[in-house]
Amino acid sequence: MSDVFTFEGWRRPDGQIGVRNHCLVLATVVCAAGVAREVGRRLPDVAVVEHPHGCGRGLPDIGLQIKTLAGIVNNPNVGGAILVGLGCEPLSVDVLTAALGDNKKPLQGIVIQQAGGSQKAADRVEAMAREMMAELASMPREKASLADLTVALECGGSDTFSGMTANPAVGSAVDRIVEMGGAAILSETTEMIGALNPLLRRAENDEIAAQVKQMVDRQEAVTRQMLGPLADRVLAPGNVESGLSTIAEKSLGCIAKGGSSPIREVVGYAERPTKRGLVLMDTPGFDAESITGMAAAGAQVVIFTTGRGTPVGFPIAPVIKVSSNSELFQAMPDDIDVDAGTVLSGKTIGEVGDEILRLLVRVADGEKTKAETNRQEIFAIAQTHQAF
């Protein structure tokens with residue numbers, strides 16, 4: 001194991017390595033979000049996850065919420081968790097606890113209606129969190145390598161340079177991660193429309209190629225049903241202002257983040273991969289929901305490229321921001337970690353990819369990203385139907 005690509009993390013009971021050792025306070029339902037948020041104000045070192053779900057949806061979406069929240073608790077960056085429920089919701093503390101199985105992590109739960117209301121519940125959760133954080137602080141760290149990492153890949157606010165600088169530079173880093181036994185998840189199915197053939201050529205076998213085609217075809221059909229003749233222009237206004245003209249143009253740049261290794265597996269939203277190497281996940285193109293799905297699947301670090309400047313971070317995983325142009329890096333120095341615009345001034349894709357890779361190792365070893373420093377902790381779960 002080369003020391004250049006090693007870091008110290010926390011070994012979990014299931015064998016995975018965490019790059020953070022979070023005490024997580026998680027609201028199972030929107031009505032418990034205020035208590036979780038209050039505990040976060042009192043104890044800034046806890047990681048707080050709140051969301052607008054847990055009730056008022058059909059079974060498919062409630063099932064997706066359970067799967068996603070269970071995946072977040074089981075993410076290796078979570079050392080222990082406190083679940084906060086209200087008491088009358090479908091996605092209760094008991095339901096989520098059952099979905100977690102025996103993960104052997106420190107785990108506690110509280111129900112607001114049984115605790116005497118929100119203030120008393122917040123007081124009890126604060127006490128639980130203080131005790132859990134002390135327990136987590138005593139956990140030893142151990143040496144790990146890139147083979148222990150699963151990296152989530154995301155892009156948002158792209159521009160005309162994204163497909164020439166930031167995305168291929170990340171792809172270069174991903175190739176190295178895969179070579180050393182790690183895994184990377186490429187998501188945002190909407191941003192694979194128009195780039196299907198290059199993806200099919202990289203599928204490891206015919207079965208995976210068929211899964212990739214089915215996933216992208218389904219998303220294209222949904223997009224055409226929703227947007228009609230505008231489906232070829234599934235672009236945010238910022239993308240258009242930055243020079244992108246079609247979804248195919250954006251997609252070809254987007255998939256460059258996945259590098260050049262074979263696609264070894266296709267998984268559903270928030271589904272944990274069973275293989276190392278490059279994996280495709282079926283997610284929306286919406287950044288916040290896409291990142292949540294990959295973190296629920298076990299990704300410990302997110303690499304996020306942007307040509308417009310996107311401050312989004314995540315509650316339990318560090319997010320490394322890579323700008324596609326140097327003007328953005330200079331304009332938002334407090335949000336961007338790596339300037340891939342240096343490709344335009346002479347650096348090679350491989351040199352910037354190496355810069356990203358070395359930062360990834362330092363972040364895994366504890367160095368904070370700009371999004372972590374800024375407490376950019378955005379969380380959103382993909383849903384398929386409206387509330388009732």
Can you confirm whether [X] is buried at [atom1], in the sense that more than 12 heavy atoms of other residues, nucleotides or ligands lie under 6.0 Å from that atom?
X    : atom1 : answer
Q214 : CD    : no
E142 : CD    : yes
R124 : CZ    : no

Quick one: are [X] and [Y] in side-chain contact, heavy atoms under 4.5 Å?
X    : Y    : result
V46  : H22  : no
F5   : L357 : yes
L328 : T306 : yes
V73  : L26  : yes
V111 : L86  : no
R272 : Q16  : yes
L359 : E367 : yes
R202 : L278 : yes

Heavy-atom pair with the smallest gap, counting every atom of [X] and [Y]:
X    : Y    : result
V93  : L83  : CG2-O, 3.9 Å
A371 : G313 : CB-CA, 3.9 Å
S326 : D339 : OG-OD2, 2.8 Å
F304 : D287 : CZ-OD2, 3.7 Å
A195 : P198 : O-CD, 3.2 Å
P90  : G54  : CD-O, 3.2 Å

Would you confirm whether [X], through its side chain, and [Y], through its main-chain N or O, come within 3.5 Å as a donor-acceptor pair?
X    : Y    : value
T68  : A270 : no
N205 : E207 : yes
R141 : R11  : no
K213 : A210 : no
E265 : K275 : yes
K105 : V78  : yes
S172 : P168 : no
Y269 : M281 : no
D159 : R308 : no
K321 : V312 : yes

For L360 and I177, what are the C-alpha separation, side-chain angles and deciding distance, and is it a side chain to side chain contact (heavy atoms under 4.5 Å, CB included)?
CA-CA 10 Å; L360 170 66; I177 294 168; 3.6 Å; yes
What is the distance from atom [atom1] of [X] to atom [atom2] of [Y], rounded to the nearest 0.5 Å?
X    : Y    : atom1 : atom2 : value
R57  : I62  : CZ    : CD1   : 8.5 Å
I263 : I255 : CD1   : CD1   : 8.0 Å
C23  : M128 : SG    : CE    : 11.0 Å
H51  : L91  : NE2   : CG    : 6.5 Å
D123 : E38  : CG    : CD    : 8.5 Å
T369 : Q376 : OG1   : CD    : 10.0 Å

Check this for me: does any side-chain nitrogen of one of [X] and [Y] sit under 4.0 Å from a carboxylate oxygen of the other?
X    : Y    : result
K143 : E8   : no
D14  : K104 : no
E372 : R20  : yes
R130 : E135 : no
E126 : R42  : yes

[Y] reachable from [X] in the ILVMFWY side-chain graph, under 4.5 Å edges:
X    : Y    : result
I316 : L43  : no
V363 : V170 : yes
V25  : V30  : yes
V301 : V279 : no
L149 : L153 : yes

Could you give me the CA-CA distance, side-chain angles and deciding distance for S290 and E188, then say whether side chain to side chain donor-acceptor pair (under 3.5 Å) is met? CA-CA 6 Å; S290 175; E188 303 177 282; 5.2 Å; no
Where do I381 and Q383 land on the side chain to side chain contact (heavy atoms under 4.5 Å, CB included) test, with the steps shown first? CA-CA 6 Å; I381 305 173; Q383 296 291 267; 3.8 Å; yes
Can a side-chain donor-acceptor contact be found between R276 and T150 if the only test is distance below 3.5 angstrom?
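Yes, R276 and T150 have a side-chain donor paired with an acceptor closer than 3.5 Å.
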Hydrogens and angles aside, do R12 and N21 bring a side-chain donor and acceptor to less than 3.5 Å of each other?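 There is such a pair (donor and acceptor under 3.5 Å, judged by atom type) between the side chains of R12 and N21.
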| request: Check step by step if side chain to side chain contact (heavy atoms under 4.5 Å, CB included) holds for N374 and D335. | output: CA-CA 8 Å; N374 295 335; D335 291 284; 3.3 Å; yes
Could you check F314 against T292 for side chain to side chain contact (heavy atoms under 4.5 Å, CB included), going step by step and ending with a plain yes or no? CA-CA 8 Å; F314 197 74; T292 297; 3.3 Å; yes
Discussion item. Which residue is it: P262, S260, S261? I am looking for the one with a side-chain contact (heavy atoms from CB on, under 4.5 Å) to V178.
Written reply: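 By the side-chain contact (heavy atoms from CB on, under 4.5 Å) criterion, V178 pairs with just one of P262, S260, S261: S261.
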